[in-house]
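Within every chain, numbering begins at 1; the chains are lettered A, B, ... in the order of the sequence lines, protein sequences first and strands thereafter.
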Amino acid sequence: MSKISHDDVKKVAQLAHLRIDEAELEPMASSLTQILGAIDKLAEVNTDGIEPTASSIHTENVMREDEAIKRFGDVAMQNAPEKEENYFSVPRVVE
Amino acid sequence: MSGFQYKTITELRTLLESGKVTSRQLVEAAFLRVEKLDKDINGFISTNKDAALKAADEADKRIAAGEKGGLLGVPIALKDLIAVEGGATTCGSKMLDGFTSTYSAFVAKQLQNAGAVNLGKANMDEFAMGSSNETSFFGNCKNPWDLNAVPGGSSGGSAAVVAAGYCPVSLGSDTGGSIRQPASHCGVVGLKPTYGRVSRFGLIAFASSLDQIGPMAHTVEDAAIMLEVIAGYDPMDSTSINKPVPKYTQALSGDVSGMTIGLPKEYFIDGTDSEVENIVRDAAAKFEAAGAKIVDVSLPHTEYAVATYYVIAPAEASSNLSRYDGVKYGFRSEKSENLSEMYFNTRSEGFGTEVKRRIMLGTYALSSGYYDAYYLKAQKVRTLITKDFTDAFKQCDAILTPTAPTAAFNINEKTEDPLQMYLSDIFTISVNLAGLPAMSMPAGFSGSGRPIGIHLIAPHWQEETLFKVGSAFEKLRDKNIAEKRPNL
């Protein structure tokens, strides 16, 4: 039975780029533990020799020619939180 | 003009064609109703009356020129994760509050070409994660049948706008039951097509191997009319399957004689309200009296479906939602010293609790050391769940189950217990894992007057079977079920 610790929550949050405050650590740990407890049930199923399903219907990759088919243009910038000309502005990247 | 609120698509089309009403009049009447009722129901996140009237005028020109067609001039609504170019699309989230779509979804373009008039974007659980429309950043949607009850979710708004009589048909999306369960709770028809039947281009992604768009309407025929318009191959969606679209509106024979309908024993369990079970068994009896054979079937891996889904869907979601970082669009947190802080702050402030919980769950299931035990294991169980259906369909043409274990629960009743909320998806969830088409349709009411639906499942690509059995049920069930209206 997987018990999620506060440390586990912090590690996973780091991977997911989510900030979990001190006050939220226990509620998050607790609900993840509860849900994973229900999920642990899957260990009961014998899946020897069973292929995993990634997608229920199609089985092949869809390819196309490597040709540009459409220019997005200015509309690509229309939702930018901050921009300079055709560049998206962000806070400083490197220390 | 008024009195259109519960007319079917066919009835509205007849009025439009005969010149008795214009599309503009229908849209004006719809907005009067929205303005009167939606402050209490909150079915719409946004509406655009000017754009709708403009589209209605365009439709009226086409009608005057003699054009006919299933949805020409008919008001509709779209769940707010379907992109319409130049319009707001929020996914029920702060993360996309203020975002304007830069292109239209395939289904939106199909509807525009067909002359349908979109009234607005329907409320939903945030990023489609929920079963009650209680996680929307824009407030709860209420069930039109009882404002203390949830409409279901995540397509709560899409169900409510039809149930409240704003428009005859809407589009929702279904990843684990998000069309069918709110359809059941709101007393409307809700259909999830076979995976790959309807293009996901312009559908903001939650779980890419499970998501499908589908119609919500008052009648099976109206659902068929909508499905004919939105289904079809789209090269812009690499999971769209190139199969011709049948004339679904010709599959409404309503004749089940000679068909076999299966009742899976694993779906009749403790925890299902006896009112719900009685309604489903009564439906089976009606089908039998009409010439169908009823058989018991087994779907042995049913008890693992919720667990399987709650690994796969959050895992796919954690990947799909990694794009929300405040850089190119959407919400950006203001107080960041550097890029990394901006990512963490934006995502932490922009997402609600349930979304964060599912991202955490998915990230954990995919992380090093856990991938095999969780994600890979779930994918294998998914194969077994799919095989259960393949085997069962050797013994029957369609499967009949309850849609939900209960009628709609009260607002705030399940918000403290995520696991309880997840378990309410138990009957709909396997269908998404297997990629099958399925439909919920109104079948009765609880003692307290809340709608209860029955759920029909068909083999891959057999939406016609759903329409055949569904249209039969509309003839066989008590007349008062279709005639009852919410008290609004």
Side-chain angles (χ1 to χ4, degrees), chain A residues 2 4 8-9 11-21 24 27-29 31-32 34-58 61-64 70 72-73 75-83 88-95, chain B residues 99-100 102 194-196 209 235 238-239 241 301 303-304 306-308 310-311 318 322 325-332 336-339 341-345 347-348 351 356-357 359-361 363-365 367 373-374 376-384 386 418-419 422 433-436 460:
Chain A
S2 344
I4 304 301
D8 291 327
V9 172
K11 277 194 210 133
V12 175
Q14 184 71 22
L15 289 172
H17 278 50
L18 290 172
R19 205 189 52 239
I20 310 283
D21 295 329
E24 291 172 275
M28 183 62 81
S31 63
L32 289 180
Q34 194 199 21
I35 297 163
L36 287 165
I39 287 171
D40 280 341
K41 208 173 153 57
L42 292 180
E44 289 166 21
V45 185
N46 184 346
T47 52
D48 294 341
I50 302 296
E51 285 300 300
T53 296
S55 177
S56 49
I57 300 285
H58 68 295
N61 259 326
V62 174
M63 310 294 274
R64 65 177 176 86
K70 183 179 161 131
F72 225 152
V75 75
M77 303 305 294
Q78 88 185 12
N79 290 296
E82 268 182 65
K83 63 186 174 200
F88 296 100
S89 282
V90 296
R92 157 181 92 211
V93 177
V94 190
E95 289 304 301
Chain B
F99 173 78
T100 305
T102 54
T194 308
Y195 184 82
S209 81
S238 65
T239 62
I241 302 298
H301 294 89
E303 65 181 293
Y304 302 106
V306 173
T308 304
Y310 278 101
V311 172
S318 72
S322 64
D325 58 13
V327 175
K328 300 193 287 293
Y329 50 78
F331 172 75
R332 177 190 288 193
S336 316
E337 295 281 296
N338 57 53
L339 184 67
E341 244 182 69
M342 187 190 89
Y343 289 154
F344 278 84
N345 290 340
R347 291 167 62 78
S348 308
F351 289 137
K356 282 191 224 173
R357 183 180 292 126
I359 291 173
M360 291 288 287
L361 199 44
T363 305
Y364 182 83
S367 64
Y374 287 109
L376 189 58
K377 184 75 178 180
Q379 286 189 311
K380 291 180 179 180
V381 180
R382 184 176 182 177
T383 303
L384 293 173
T386 305
L419 191 56
Y422 299 168
L433 292 168
L436 298 166
H460 294 123

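Highest contact tally toward chain A, considering only B:Ile359, B:Asp325, B:Thr100, is held by B:Thr100 [criterion: heavy-atom pairs under 4.5 Å]. Put simply, of A:Val75, A:Asn46, A:Val45, the one with the most heavy-atom pairs under 4.5 Å next to chain B is A:Val45. With respect to chain A, the highest number of heavy-atom pairs below 4.5 Å among B:Thr386, B:Leu376, B:Val306, B:Val311 belongs to B:Val311. Ranked by non-hydrogen atom pairs under 4.5 Å with chain B, the options A:Val62, A:Val9, A:Ile50 are led by A:Ile50.
A:Thr53 and B:Thr383 share a donor-acceptor pair across their side chains, judged by distance under 3.5 Å alone.
Contacts between A:Asp21 and chain B at a heavy-atom distance below 4.5 Å are absent for every atom of the residue. Both the backbone and the side chain of B:Ala378 come within contact range of chain A, judged by heavy atoms closer than 4.5 Å. Heavy-atom distances place both the backbone and the side chain of B:Thr308 under 4.5 Å from chain A. Using a 4.5 Å cut-off between heavy atoms, A:Glu24 touches chain B through its side chain atoms alone. Both the backbone and the side chain of B:Thr102 come within contact range of chain A, with heavy atoms under 4.5 Å apart. Residue B:Phe331: no heavy atom, backbone or side chain, is found under 4.5 Å from chain A. B:Leu436 does not touch chain A: none of its heavy atoms, backbone or side chain, sits under 4.5 Å away.
Distance check, rounded to the nearest 0.5 Å: CD1 of A:Ile35 to OH of B:Tyr422 gives 4.0 Å. Separation of atoms OG (B:Ser336) and CZ (A:Arg92) is listed at 11.5 Å; rounding is to 0.5 Å. Note: A:Arg19 CZ to B:Arg347 CZ = 12.5 Å, rounded to the nearest 0.5 Å. Residue A:Glu44 holds its CD atom at 6.0 Å from CD of B:Glu303, rounded to the nearest 0.5 Å.
Contact of the B:Arg357 side chain with the A:Ser31 side chain is registered, since non-hydrogen atoms from C-beta on lie closer than 4.5 Å. Taking the side chain as every heavy atom from C-beta outward, A:Leu32 and B:Tyr364 never approach each other to under 4.5 Å. Looking at A:Leu36 and B:Leu361, their side chains come closer than 4.5 Å, going by heavy atoms from C-beta outward. At a threshold of 4.5 Å between non-hydrogen side-chain atoms, the residues B:Tyr374 and A:Asp40 count as touching. Looking at heavy atoms from C-beta onward, B:Lys380 lies out of side-chain contact with A:Leu42 at the 4.5 angstrom threshold. Annotation: side chain of B:Tyr329 is not in contact with side chain of A:Gln78 (no heavy-atom distance under 4.5 Å).
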Decide side chain to side chain contact (heavy atoms under 4.5 Å, CB included) for B:Thr239 and A:Ile57; before the verdict, give the C-alpha distance in whole Å, the side-chain angles of both, and the deciding distance to 0.1 Å.
CA-CA 8 Å; B:Thr239 62; A:Ile57 300 285; over 6 Å; no
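Taking the ring pair (Phe, Tyr, Trp, His ring centres under 6.0 Å) definition, one finds that B:Tyr195 meets it with nothing, sequence neighbours left out. Residues meeting the salt bridge (Lys or Arg N to Asp or Glu O under 4.0 Å) test with A:Asp48, sequence neighbours left out: none.
With respect to B:Met360, the side-chain contact (heavy atoms from CB on, under 4.5 Å) criterion is satisfied by exactly one of A:Asp8, A:Ile4, A:Leu15, A:Leu18: A:Leu18.
Nearest approach of B:Lys377 to A:Ala43, heavy atoms of both residues: CE-CA, 4.2 Å. Closest of all the heavy-atom pairs between B:Arg382 and A:Ala54 is NH1-O, 3.6 Å. The two residues B:Leu433 and A:Ser56 come nearest to each other via the heavy atoms O-CB, 3.7 Å. Minimum interatomic distance between B:Tyr304 and A:Lys41 (heavy atoms only, all atoms of both residues): CE2-O, 3.5 Å. Between A:Ser55 and B:Ser209, the shortest heavy-atom contact is CA-CB, 4.4 Å.
The aromatic rings of B:Tyr343 and A:His17 sit tilted, their planes meeting at an angle between 30° and 60°.
Between the B:Lys356 side chain and the A:Ile20 main chain, no donor and acceptor come within less than 3.5 Å of each other.
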